[in-house]
There are 2 protein chains.
Amino acid sequence: MLREEIRDRLIEDILGGRLVPGDRLVETRIAQSYGVSQAPVREALRDLELLGFVVSAPFRGSVVREVSTSDLVQIYPIRAVLEGLAARDAATRLDAAGLKKLESLVTSMRKSAARGDTRAAISDDFAFHLIIVEASGNWLLKQFWERMRLATTTFLTVSRSHHALAEIAERHAPVLEALRRRDPDAAERAMRRHIEEPGEWLRLALDTEGEERPTPPPAPARTTPARKSRR
Amino acid sequence: MLREEIRDRLIEDILGGRLVPGDRLVETRIAQSYGVSQAPVREALRDLELLGFVVSAPFRGSVVREVSTSDLVQIYPIRAVLEGLAARDAATRLDAAGLKKLESLVTSMRKSAARGDTRAAISDDFAFHLIIVEASGNWLLKQFWERMRLATTTFLTVSRSHHALAEIAERHAPVLEALRRRDPDAAERAMRRHIEEPGEWLRLALDTEGEERPTPPPAPARTTPARKSRR
DNA sequence: ACGCTCGCGATTATCGATTATGCGGACGCG
DNA sequence: CGCGTCCGCATAATCGATAATCGCGAGCGT
């Protein structure tokens, strides 16, 4: 319970910009500043590591990771193949109730998109994908998918993905159609395209945006320890 | 370092059948029996949890999860799509040196297989896949892949995968060939088949074996605490 | 002057003990 | 005799302190 508290607080600090990439996270210091012992901090840091917020090396501590643009773009191909697999398996396993739920979600999504309700649309989108992943029957796949989600949703919510909200909603149709036909190959193809395309949009958007508002530069950051808070 | 030791040992115990699903893993008891403190055991257990070997609830400890056959089989499709993606990207990014390394690894693997050296063959196999995953240039992909590896290699080492050692070695050829031609689609297809097929073999082997040695039945196992080692 | 080794400061990893929590059974009450 | 409450035990979560390890820089030898 303490661990989760610390973890959430650190995540807030990172997303809120109070901790920037390259900052060191010293266990003892965090423990002191939060008034707790080192142990729960340590566990929180390990959680952050597997959530992808920090990287840590044995005996050398943890630093806030570069979640920069390139890493975000890399997520999409992975999600695409994982969910493509999920869709393939779901095509033969999804029952009538599940299909019905998917249909209603698409309908709801269209309405949300029409009235520009980004939050509702994202929520429906999430539910849509969740149903498919769960219907795949692959427990491990769901595990991986959820872990990836934690690292992405936070960002996507922030980003202006309303860019083509209506279009995104429409993109679900081919997936649903393939599932309805119980065609594994088609379902996989449709899902892969469904996810890869927004990834492309994001990549392009970030590229052009990066030119006007100079986001923290491409930053190798893997080679340079970047000791800022040397104190 | 201690943590990893404990973790690997627990994994061995689970896969080796010395710890069966439903068994409780008591932190203090493990710590005593290994002659270490509670802290590293705790971390090892958390690792096992995210690897899917145990489930744990706050203040109530961890129990060995139903890893059973089905979960292991589920790993292969995931590896297949992930490495398929890696191969696709690697096809256009791999340099001459990388290709050369892959070739020599396949050669080495054939020799190892010929003289029945399972360990060496597995080592080469691992190196082969690692090169491709790294060549994909997708850092996150490599992360996922490595995490999954922990759950698989350990098992493969234990299992009698020498079953078709030479055949496995030979299965690398199509992948290498596609990469040499720098054909992304072919590389992805070849890699997916390369990984899915052994998964099929494993599934069949486990099925037939499961009939003679009655593995614990499908077992919901989530609802029943199944307190065996009540002591 | 340059490279190498050893010691120092900082920080993580581990330990042993303490506290908090949940579960099951014993006890008292209606 | 059945039911609710309290107590004690087993165990996880946390703590404070100690040991191990790393990177860096001073000191030594060449």
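Chain naming here is simple, since letters A, B, ... match the order of the sequence lines and numbering starts at 1 in each. Predicted, not measured: the structure shown is a model, and the values here were computed from it.
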Distance-only donor-acceptor pairs under 3.5 Å for side chains of residues 92-102 of chain B, two or more places apart:
from	atom 1	to	atom 2	distance (Å)
B/Thr92	OG1	B/Asp89	O	3.2
B/Arg93	NE	B/Ala135	O	3.3
B/Asp95	OD1	B/Gly98	N	2.8

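- Atom CD in B/Glu4 sits about 18 Å away from atom P in C/dT12, given to the nearest Å.
- Looking only at side-chain heavy atoms (C-beta outward), A/Trp145 and A/His129 come within less than 4.5 Å of each other.
- Counting to the nearest Å, the C1' atom of D/dA20 and the CZ atom of B/Arg3 are 16 Å from each other.
- In this structure, A/Arg29 reaches the C/dT11 phosphate: one of its side-chain N or O atoms is under 4.0 Å from OP1 or OP2.
- Remark: the A/Glu27 side chain and the C/dA13 base include no donor-acceptor N/O pair separated by less than 3.5 Å.
- Both B/Val26 and A/Phe59 lie close to DNA chain D; mapped to their nearest nucleotides by heavy-atom distance, the more 5′-ward contact belongs to B/Val26.
- Evaluation of the side chain to side chain contact (heavy atoms under 4.5 Å, CB included) rule for B/Ala86 yields B/Ile132, B/Val133, B/Ser136, B/Leu141 as partners, not counting sequence neighbours.
- For B/Ser37, counting side-chain heavy atoms from C-beta on, the closest listed nucleotide (D/dT14, C/dT14, C/dT12) is C/dT14.
- Listed pair B/Arg60 / C/dT21 fails the phosphate criterion, with no side-chain N or O lying under 4.0 Å from OP1 or OP2.
- Shown are A/Ile11, A/Leu25, A/Leu10; of these, the side-chain contact (heavy atoms from CB on, under 4.5 Å) with A/Phe53 is made only by A/Ile11.
- Mapped onto DNA chain C by nearest heavy atom, A/Leu25 and B/Ala39 fall at different nucleotides, with A/Leu25 at the one closer to the 5' end.
- Of the listed nucleotides (D/dA13, C/dC15, D/dC15), D/dA13 has the atom at the smallest distance from the side chain of B/Gln38.
- Contact annotation: A/Arg42 does not reach the phosphate of C/dT12 (side-chain N/O to OP1 or OP2, under 4.0 Å).
- Each of D/dC15, C/dC15, D/dA13 was ranked by its minimum atom distance to the side chain of B/Val36; first place goes to C/dC15.
- Nucleic acid contact class of A/Leu45 (heavy atoms, under 4.0 Å, all strands): none.
- Nucleotide D/dA12 holds its C1' atom 13 Å from the CD atom of B/Glu49, rounded to whole Å.
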